[in-house]
**Q** 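Sharing a structure with you now.
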2 protein chains.
Amino acid sequence: MTATGAPRMIQDRALRPTAKVLPEHIRLNNRTLVLQTLYRTGLQSRADLARETGLTRVTVSDLISELMGENLVIELGQRQEPRPGKPATLLDINRVAFQIVTLDLSGHTRLRGAVLSLDGAVLSSSGVELSGARGEAAYEKVAALLRQVIAGATAPILGVGVGSPGIVDRAGVVRNAPNLGWRDEPLQARLQDATGLPVRVVNDANAAVLAEHSFGGADHDLLLVKVGHGVGAGLLMGGRAIFGERFAAGEIGHVVVGTDDGPLCACGKSGCLEAWLSVPRLTSAIQAATDTAATPEQAELATDQILTEAGRRLGIILAPVVGALNLLEIVLSGPPELLDGVLSAATVETILSRTMATETGELTLRMTAQGEDIVLRGAAVMVLSAQLGVS
Amino acid sequence: MTATGAPRMIQDRALRPTAKVLPEHIRLNNRTLVLQTLYRTGLQSRADLARETGLTRVTVSDLISELMGENLVIELGQRQEPRPGKPATLLDINRVAFQIVTLDLSGHTRLRGAVLSLDGAVLSSSGVELSGARGEAAYEKVAALLRQVIAGATAPILGVGVGSPGIVDRAGVVRNAPNLGWRDEPLQARLQDATGLPVRVVNDANAAVLAEHSFGGADHDLLLVKVGHGVGAGLLMGGRAIFGERFAAGEIGHVVVGTDDGPLCACGKSGCLEAWLSVPRLTSAIQAATDTAATPEQAELATDQILTEAGRRLGIILAPVVGALNLLEIVLSGPPELLDGVLSAATVETILSRTMATETGELTLRMTAQGEDIVLRGAAVMVLSAQLGVS
DNA sequence: CATGTTTGTTAGTAAATCTTACGAACTAAA
DNA sequence: TTTAGTTCGTAAGATTTACTAACAAACATG
């Protein structure tokens, strides 16, 4: 028996709807679509936007006039290229009308803050020493830094983004951040009350991976490994950040590497990734090797050995993840003098040799081009995404 | 400077829109929402659906009359409970009006097919020996089996779902399936042309994880490890299947375990997961140990050692994945006499001892309750999802 | 038996897009 | 110089969708 009167095929967009949709939601979607298109390509006419989005010129004009009313979009005169027909009026996001304030709390000893343009460029930055402050004292340091950065803004502030170490839930509550002495600290809500601005708090590695995606031109599926005082990762699948069932996705620092033990870790286990790869561990190991080396050549050799082994250990941890997720792009963030060389070479080689070459042959591993501002810029992506739906 | 005239907050639904939305898309979304609600809870009145979905009774009535016109929903008389007010007319998905045809091509020597109800119950099943057929001959076996199963259906067929081993892309092209001798085989398109029915082809492990999610009551984030002639995995994050950049997500069979080598694998590497854990490897190792054992007690001890070590190896591979994704739920599918015992116990223990207990303390690992029909039922989920937006 | 409650439907309204049509402004060819 | 063709942005009306308001039907309860 074959199908008779079978129901129509449902399109992808309708898969697993979670809520009802009303006409006004259409407007929001299409408004954001236009804004997003304009944000990424810039300098387009209404007709260009209509062609690119599939909406009609009428609808685009209507949406643009709404966006111009909010000072989010501005006209920039007529296109100069000689073409037949009425010349187009060029539009762009009003990139100087708003600024974004962001904080990076992931430094072990220093908190950073910055004012960024809508493009993610750092306009000004400042910082404050943590000086061992913990708990409420640490919160006060953060709040004071935020007030200071906000005072330095020279345009209306679109919102505040904060990248915090530790485990941060969707509501911006820092569930656990040992370095800052926070447990269940409702940072987002407190800062929002304190400033009256929209605030978004996310994990630092998650912020970093968003920055790499939006500003680094990374692909849809991306793993970013952030090496600092600890080791953490941010994961993007299909263009969306993965948070995990308990918001602890990317916490690979205390996963044990290999089957041959390894250095004792502060957490009590032996052979944790962090015990191999953290910046303090690497620097002290290199220092020790250099001190005991008879010649500079010996010192360099020993350093290379230490870094190669650390890279290999990272590769051992990442291989199952790369295989299970079919990842093709891994980005490292951290001190380039440690990571960018034999270490990352050893990591790639290890991953390739431990996974199926046919699937991972195109694997790329590289340093981030975002430098030390990666968390600040990622926090800005969160604000852009939350306030404008753009990124 | 504080925000003045800052744009409104964008809701979650508007994040990263990828396409324009029109009024008719609203209809599709809400229609699917109603159908989904009815599918999952069953036996509700129009007023119940209105309360649950948030839509008005008017809108629900309109959608229901459309769905009844397609024979997807039927009225089942009035509710009997004595309540004030006009008695409600109970509705349900018309669960006998359509059937789903599915195939499971993942058996090493045998292809299976079945007719399923919309609830995922297997109504009838059949199979055919592969007999070493490869390439076009294998396709012919599949097509013949499909014709046979279709002929056995007793109601209009909603669609055809196929779970295939190997790497399957989004268009249902089997990119690579060594056992069947397929490379870039456009199975979905060919079967669709041959039958005139909507066909969905997916990887077997991905089908399995969908079955576990829809029928096994599993959570949003779920890893299913399928142990058979090979070892593969299916991954669900946020209720959505993860396919990977090259559609090879879950291919963990040839990831190397540990840092102490291990058995030589058919792929040329040493210590692949499959070389530890595949069913042929385990059965032959157990057989050999039993043959050489002096007493039954010795044989059992040796068997337990083999299974424990296999479980430990699985845990070593999964620990980084569990840590990176913050997974709390792992399901095993395969021969229970091998997997359900010391093996899975060793896997859990290994994962817990190699990850941060605070995040993975709630980890559950269990056997699937779907048994051998898991791929058939998962393929049905694909059809339900594609044709009705329901699952 | 009157009252209140719940159900499902009918009629009209609001919001969003679309189609069709038009004037404005430009290039290029006759 | 004039004419034709093109492109841009806007205006008016049609279409789709879901909403609000109102109502009849059917039941329980005091």
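Predicted model only: the values in this text are computed from it and were never measured. To find a chain, count down the sequence lines: A is the first, B the second, and so on, and within it residues start at 1.
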**Q** If you round to the nearest 0.5 Å, how far is CG of A:Leu384 from CD1 of A:Ile100?
**A** 3.5 Å

**Q** Measure the distance from CZ on B:Arg79 to P on C:dT7 and round it to the nearest whole Å.
**A** 7 Å

**Q** Would you say a side-chain N or O of A:Thr89 is under 4.0 Å from OP1 or OP2 of D:dC8?
**A** no

**Q** Can you tell me how far CG of A:Asn326 sits from CG of B:Leu235, rounded to the nearest 0.5 angstrom?
**A** 11.5 Å

**Q** Within the side chain of A:Asp169, is there an N or O that forms a donor-acceptor pair under 3.5 Å with the backbone of A:Ala171?
**A** yes

**Q** List in chain and number order the residues that pass side-chain contact (heavy atoms from CB on, under 4.5 Å) with A:Ile26, two or more places apart in sequence or in another chain; answer none if no residue qualifies.
**A** A:Asn30, B:Val21, B:Pro23, B:Ile26

**Q** D:dC8 phosphate, OP1 or OP2: any side-chain N/O from A:Arg51 under 4.0 angstrom?
**A** yes

**Q** Would you say A:Ser65's side chain and A:Asp62's backbone share a donor-acceptor pair under 3.5 angstrom?
**A** yes

**Q** Tell me which residues in residues 41-48 of chain A put a heavy atom below 4.0 Å from DNA chain C, sorted by number, or none.
**A** none

**Q** According to side-chain contact (heavy atoms from CB on, under 4.5 Å), who are the partners of B:Val122, at least two apart in sequence or on a separate chain?
**A** B:Ala114, B:Leu116, B:Ser125, B:Asp373

**Q** Applying salt bridge (Lys or Arg N to Asp or Glu O under 4.0 Å), can you list everything that pairs with B:Asp221, at least two apart in sequence or on another chain?
**A** none

**Q** Could you tell me whether the side chain of B:Gln188 and the main chain of B:Val201 form a donor-acceptor pair under 3.5 Å?
**A** yes

**Q** All N/O contacts under 3.5 Å from nucleotides 14-18 of chain C to the protein, with atom names and distances to one decimal?
**A**
{"from": "C:dT17", "atom 1": "OP1", "to": "A:Asn30", "atom 2": "ND2", "distance (Å)": "3.3"}
{"from": "C:dT17", "atom 1": "OP2", "to": "A:Arg27", "atom 2": "NH1", "distance (Å)": "2.6"}
{"from": "C:dC18", "atom 1": "OP1", "to": "B:Lys20", "atom 2": "NZ", "distance (Å)": "3.4"}
{"from": "C:dC18", "atom 1": "OP2", "to": "A:Thr56", "atom 2": "N", "distance (Å)": "3.3"}
{"from": "C:dC18", "atom 1": "OP2", "to": "A:Thr56", "atom 2": "OG1", "distance (Å)": "3.0"}
{"from": "C:dC18", "atom 1": "OP2", "to": "A:Thr59", "atom 2": "OG1", "distance (Å)": "2.6"}

**Q** Ignoring hydrogens and angles, tell me if any N or O in the side chain of A:Tyr39 forms a donor-acceptor pair with the backbone of A:Val34 under 3.5 Å.
**A** no

**Q** Strictly under 4.0 angstrom, non-hydrogen atoms only: write out the protein contact profile of nucleotides 25-30 of chain C, one letter per nucleotide from the 5' end, B, S or -.
**A** BBS---

**Q** Send over the distance from B:Glu81 CD to C:dT5 C1', rounded to a whole Å.
**A** 15 Å

